[in-house]
Amino acid sequence: YLASFTNISEIYFRKVFVRTFGVSPHEYIINLRMENSKQMLLSGRTVSETAAFCGFSNLYYFSAAFKKHIGISPTEYVKQNGVI
């Protein structure tokens, strides 16, 4: 979709994006979502609210993605950072 805005092929767009940012467009978006979710969790939002706001279709998928990228579950992240 982004490639169409720039009038270049998806393959070339991905290549330029990876060269510029060091990650694929998908991974870049996931990283942004994870950073947003960490901030929301630390501001007192529930895991369910955070998952929905950050665009995850269900809580299980959000928790699995969070653990994969951050290394711990969302609840454990909150506990370790002193919010609970």
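The basis for the numbers below is simple: all heavy atoms, side chains too, and nothing from hydrogens, waters or symmetry mates.
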- 4.5 Å side-chain heavy-atom contact, His26 and Ile29: no
- Query: In Å, rounded to the nearest 0.5 Å, how long is the span from CD of Gln39 to CG of Asn36?
  - Reply: 6.0 Å
- Message: Looking at every heavy atom in both Leu41 and Pro74, which two are closest together, and how far apart are they?
- Response: CD1-CB, 3.8 Å
- From Phe66 CZ over to Arg33 CZ, what is the distance, rounded to the nearest 0.5 angstrom? 13.0 Å
- Query: Quick one: OH on Tyr12 to CZ on Phe17, what's the gap to the nearest 0.5 Å?
  - Reply: 14.5 Å
Would you tabulate the side-chain donor-acceptor contacts of residues 45-56 under 3.5 Å, counting partners in other chains and residues two or more places apart, or write 'none'?
| unit_1 | atom_1 | unit_2 | atom_2 | d |
| --- | --- | --- | --- | --- |
| Thr46 | OG1 | Glu49 | N | 3.0 |
| Thr46 | OG1 | Glu49 | OE1 | 3.4 |
| Glu49 | OE1 | Thr46 | N | 2.9 |
| Thr50 | OG1 | Thr46 | O | 2.8 |

- Message: Parallel, tilted or perpendicular: which one describes the rings of Tyr28 and Phe21, with boundaries at 30° and 60°?
- Response: tilted
- Common cluster, Met40/Leu32, ILVMFWY with side-chain heavy-atom separation under 4.5 Å: no
- Here the salt bridge (charged side-chain N to carboxylate O under 4.0 Å, His left out) pairs for residues 1-30, sequence neighbours left out, are none
- Any pair counted as side-chain hydrogen bond (donor to acceptor under 3.5 Å, both in side chains), so long as it reaches residues 54-66, sequence neighbours left out: none
- Item | Approximate separation, where rounding is to 0.5 Å, of Ile72 CD1 and Gln80 CD | 4.0 Å
